[in-house]
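Worksheet: one structure, shown below.
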Protein chains: 2
Amino acid sequence: MSEVTKPGGTRAIARDAVRARISEVAVDLFDEHGFDNVTVEQIAAAVGVSPRSVHRYFPAKEDTVIGDPAGWGEHVRDQLVARPSDEPIWDALLASYEALLATPGRNEAQGRKAMRILGSTPALRARNLEKHLLWAHLLTPIVAERLEGDHRGLRAEAIVQASLACFDIALTAWAEADAVESSVELLRRSFGALQPTA
Amino acid sequence: MSEVTKPGGTRAIARDAVRARISEVAVDLFDEHGFDNVTVEQIAAAVGVSPRSVHRYFPAKEDTVIGDPAGWGEHVRDQLVARPSDEPIWDALLASYEALLATPGRNEAQGRKAMRILGSTPALRARNLEKHLLWAHLLTPIVAERLEGDHRGLRAEAIVQASLACFDIALTAWAEADAVESSVELLRRSFGALQPTA
DNA sequence: CCACAAGTGGCAGAGACTGACAGATCAGGC
DNA sequence: GCCTGATCTGTCAGTCTCTGCCACTTGTGG
């Protein structure tokens with residue numbers, strides 16, 4: 001998961017590494033003491049950098065847990081546009097999210113820990129929902145293009161937001177349950193809850 | 001819309017009035033200058049109280065726009081439990097939200113202004129979605145009770161969150177469009193987007 | 001080797017929010 | 001009318017997040 005920085009160069013590699021390290025340390029500290037009881041200064045000290053630099057890598061403290069929203073959002077969008085245009089929209093969305101969950105390079109334990117912290121702190125939940133809003137802006141136009149009839153914009157928004165809610169619910173359940181079920185399984189089940197007849 | 005304070009007494013009335021006044025002034029200022037360009041100090045000065053008092057009425061600056069989340073959430077919940085138990089769940093949810101929109105005492109112009117500000121600032125949208133999360137906690141158990149089969153908890157969550165997304169989308173669209181369509185109409189349409197077959 | 005870009009740290013400051021304390025204000029009993 | 005106690009308010013001091021700004025260091029490419 002490289003960042004937004006220009007791809008080439010050793011500098012970009014170092015940057016990503018530092019970024020990942022800060023995130024890792026922060027999540028561990030949050031997990032142990034709680035999000036509100038850890039200051040940016042403490043995170044910086046634990047990593048070995050100045051507080052100023054932490055804020056250079058992450059505009060907000062919450063982002064150390066959330067990560068890079070735009071990156072994965074664009075990933076989902078790319079998956080969606082690649083689906084055949086005659087596929088039912090819900091199937092296409094489900095497949096796109098599944099592809100995201102199946103992306104390699106995602107640390108299972110770390111991801112679950114981050115998700116658990118995310119669910120425990122209101123401020124973090126809010127920031128996470130903001131990320132979903134950003135995703136929605138990326139996905140809605142694509143969905144709207146596949147719909148027919150009137151009010152496509154409104155309907156597309158409803159479908160996208162509902163699917164994102166399913167995605168969020170599945171991940172939350174996955175983080176809280178003790179690995180007895182895969183995230184993909186939970187995702188399919190939550191999607192199924194909205195289509196009793198189809 | 002009285003608050004959480006004990007019902008009786010002139011003091012509670014005064015308290016609600018001050019609270020409403022602060023909210024009104026804040027929304028006007030945000031509307032004119034933008035949410036981020038207005039400080040709590042300015043709001044306090046405009047109302048004629050100290051900044052400390054503003055924070056006494058509203059724990060966070062965002063809450064001056066959002067209002068009291070729990071109050072209306074419980075209202076929706078009460079509506080939902082009052083629906084006949086054999087009614088399809090989506091119909092029951094739709095009716096409950098409609099009842100909320102039809103509640104008297106809601107200032108149309110002020111509500112629309114607040115909604116528009118809410119849509120223009122990411123931090124506010126996120127905080128508003130947090131409110132919906134609180135509502136979801138109230139509604140999910142009731143919905144779960146009406147479902148049958150396995151995984152009722154997860155399915156109930158998906159349904160509730162999806163319906164809340166529809167509610168939010170309808171209100172946002174209502175605030176941005178220029179009154180050409182009623183909020184109830186938009187709500188029904190967004191609900192319809194999720195049930196192409198039913 | 002040298003110029004230049006990029007990264008870092010320290011500093012100062014704004015703004016949101018909190019706790020503690022003292023004074024003002026109002027309800028209800030006498 | 002007046003006192004007592006509860007409630008409300010303002011002031012002050014303080015923490016924490018986040019942002020410019022500037023000087024310094026460290027790599028990168030010519």
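In what follows, chains are A, B, ... by sequence order, proteins preceding strands, each numbered from 1.
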| Are B:His75 and B:Trp72 close enough that their ring centers fall under 6.0 Å? | no
Within this structure, what is the [atom1]-to-[atom2] distance between [X] and [N], rounded to whole angstrom?
X: A:Arg15; N: D:dT28; atom1: CZ; atom2: C1'; value: 17 Å
X: A:Asp63; N: D:dT17; atom1: CG; atom2: C1'; value: 13 Å
X: A:His55; N: D:dC21; atom1: NE2; atom2: P; value: 18 Å
X: A:Arg127; N: D:dC18; atom1: CZ; atom2: P; value: 7 Å
X: B:Ile13; N: D:dT7; atom1: CD1; atom2: P; value: 17 Å

| query | Contact class for A:Ala60 vs. all strands (heavy atom < 4.0 Å): base, sugar-phosphate, or nothing? | reply | sugar-phosphate
| query | What is the ring orientation for A:Phe191 with A:Tyr97, classed by angle as parallel under 30°, tilted 30 to 60°, or perpendicular over 60°? | reply | perpendicular
| task | Could you check which residues of residues 36-54 of chain A get a heavy atom under 4.0 Å from DNA chain D? Sort them by number, please. | result | A:Val38, A:Thr39, A:Val40, A:Arg52
| request: Answer yes when B:Asp28 and B:Lys113 have at least one side-chain N-carboxylate O distance shorter than 4.0 Å, and no when they do not. | output: yes
| field | A:Leu194 versus A:Trp90, closest heavy-atom pair with distance | value | CD1-CH2, 3.9 Å
| query | Who pairs with A:Glu145 by side chain to side chain donor-acceptor pair (under 3.5 Å), at least two apart in sequence or on another chain? | reply | none
| Among the nucleotides C:dA16, D:dC18, D:dC21, which one has an atom lying closest to any side-chain atom of A:Arg56? | D:dC21
| Side chain of A:Tyr57: nearest nucleotide among C:dT8, C:dA5, C:dC17? | C:dT8
| Taking it one step at a time, do A:Phe30 and A:Ile43 satisfy side chain to side chain contact (heavy atoms under 4.5 Å, CB included)? | CA-CA 9 Å; A:Phe30 294 154; A:Ile43 299 170; 3.7 Å; yes
